Amino acid sequence: MEKKRFVPRSFLIEVLVLAGIFTLVQYLIVSGLLNEYYQINLSAMCINIILAVSLNLINGFTGQLSLGHAGFMAVGAYAAVVVTTIYSQSFILGLLAACLAAGLAGLIIGVPTLRLKGDYLAIATLGFGEIIRVILQNIDFIGGPAGILGIPRYSTWPWLFGLTIFTIVIIANLINSSYGRAIISVREDEVASELMGINTTNYKVLAFVIGALFAGLAGALYAHYFYIIKPSTFNFLKSFDILVIVVLGGLGSTTGAVIAAIFVTMLTAALQTFPAIRMVLYAVILVVVMVYRPQGLMGNKEWGRRTFGRIWGEKNEPLANK
Amino acid sequence: MRVSRKLVLLVLMLFALGVLAGCSSKQEGGDKAGGDKAAVETIPVGINVELSGDLASYGSNSRNGMVLAIEEINQAGGVLGKELKAIERDCQSKPDEAMNNSAALVGEKVIAQLGPLTSGAVAGSTPVMMQNKTPLIAPAATAENVTVEEKTGKTLDYIFRVCYLDADQAKRMAEFALNDLKVKNAVIFGSTSDDYAKGLAKYFEEAFIAGGGEIVAKEGYVNGDKDFKATLTKLRSKNPEFIYVPGYYTEVALLIKQARDLDIKVPIGGGDGWDSPDMVKVAGVEALNNTYFANHYSVEDPSPTISSFVKAYEAKYKKLPDSFAALGYDSAKILAQAINDAGEADPAKVAQALAQIKDFPGITGTMSINEKHNPVKKIVVIEYKDGKLVSR
């Protein structure tokens, strides 16, 4: 038994490690040792982590198969760009607008569709993602199919890193709260949890809105890193990419989502010159994982629960595990 | 439990293998076009095009043209006594990947980047190229704002293109109709599904009216439509002397066939979206007589430069070069010319030389780069004559 401390030692260690990673990368960037290519992939990694962790909340923890994540990302990206580029406001306002808009979109789509189950929900969210894309394509104010060019690059390393950690902390803590227990109970058995007095629709909508909100945040970061957004970037294949990361990492493991996001980004970067091999390898890895490890790389296990899962709260029980 | 842990390890190793395979073969990939003489000093040239994704067929044709041009340049002794070495990257038809690739290419100290094809992907690459003062030559990006800064309208110092703009080809067709075909009024019947066709329709209307003509009717169809007879009948009642059909060959071929079936004999014109061997197959030789379209070049052009290019391309790739191949070829050739003009392999100096290019004899026309970094060239109008393409 560990002696009760106000701040556990392992928590301090993990904070120090994170601070160390941040400072090291920041130093490498400032000193010019990390060239632009690596910086881009590092940023893509952060954005993929946010997307995967937030989709994992919906697909992994709540057990609702959503295929519309790129749609929420698009809403966030466009909302942020309208605020920062068209109305020339600050980046923080843009991020807030992105979260609000995407969260709202999540609410609007979530309330009617989350009454559906399984395949039906998947189809509804898939359709929703496409609707968003088509709507964006037909609004001339935001550039139509050509999209918006010349977005200022506000997504610097501190923003990306900070918001990635922020996302992980918020979602991991949510999972480990009483809300999280309710959310997981919905995944495990909807009828049983309803019998226990849990309003399943409420919790499903809650998880959906929070997932959408962080997807919007990722969209905003994406837009302000890559200078240009256009509707076709956010097609259903983008949703599928995120889903692949989540499934690979393990439905219901935030750690898994993070690790898989890092792996997939690195793999994509390494295989850039060989598009054909990349797609084949993707598929092979997925098949191998699904055959030998249907629960994904991490299953539903977690690492580093102290920092991410328990800034506040009681004893460190792995709640996410069955 | 122990078994599955082993399997996790296996999967992780597979990942690692994949990453390693990707890294190690990356270096081999570059030499494809550069020849094998390691002793000769090389100048790296980045090729960043759509080799997968929606536009893979266009991108790979364009890449073929670029690689062919680089091989020819190297066989003729290279530039400044050095060989050009192509480093290929796939931008997957996505702006973010295009940017990622540009960063990687700049990291490999390329003299310039050729591609990507679409305006969106070029826009993704642009900031990286500007920051690193390395020129980018876009073979086929037709959006107006590719070479200029969005807000200020200032020309971007390092971004160039070798294709004409949509406004230019619509204007050329309008002038051709007014001056060569001597028509006085026209109708527009184009696709409303994409920016390309909508833009052409708009520019044609402006140029046609400016040239003294009259647009008597405007109609639209949606990509995927198969039956155009109702609208064509309506248009026939207006007695137009010319029909402008901006769109892609899939619909245009059917449209022309149905128009001729309805006894509409007037000339029909369009843009480079018509360019496909399928036109003759679908519409038929007879129906296509008296139709014209503006294009980058004609594969059946008898001039010696073009026919030798077509022959070389066909020998290497076993198919005819399309416009994208020709534009890719031109973008590589114009780069070689600029490096020679600059006198040294320095990206910034090459960019300055590119801006000064005058009367460069390309496959897609003799071109001069203007102050907006667009090529000024005579756009070819192609006539279908008994199933053959005749340049006008």
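Just so it is clear, the structure is predicted and the values come from calculations on it, not from any experiment. Letters go in sequence order (proteins before strands), and every chain restarts at 1.
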Hey, is A/E130 close enough to A/K238 for a salt bridge, meaning N to O under 4.0 Å?
no

Name each donor-acceptor pair under 3.5 Å that joins a side chain in residues 127-136 of chain B to protein atoms two or more places apart or in another chain, with its distance.
unit_1: B/N132; atom_1: ND2; unit_2: B/V128; atom_2: O; d: 2.8
unit_1: B/T134; atom_1: OG1; unit_2: B/N132; atom_2: O; d: 3.0

Under 30°, 30 to 60°, or over 60°: which ring-plane class applies to A/F161 and A/W157, parallel, tilted or perpendicular?
tilted

Cation-pi geometry met for B/R89 and A/Y37 (6.0 Å, 45°)
yes

For each of A/P145, A/G150, A/G144, tally heavy-atom pairs with chain B at distances under 4.5 Å, and name the one with the top tally.
A/P145

Between A/Y38 and chain B, with a heavy-atom cut-off of 4.5 Å, which part of the residue counts as in contact: side chain, backbone, both or neither?
neither

Based on non-hydrogen pairs under 4.5 Å, which of A/E36, A/M298, A/R153, A/Q39 is most in contact with chain B?
A/E36

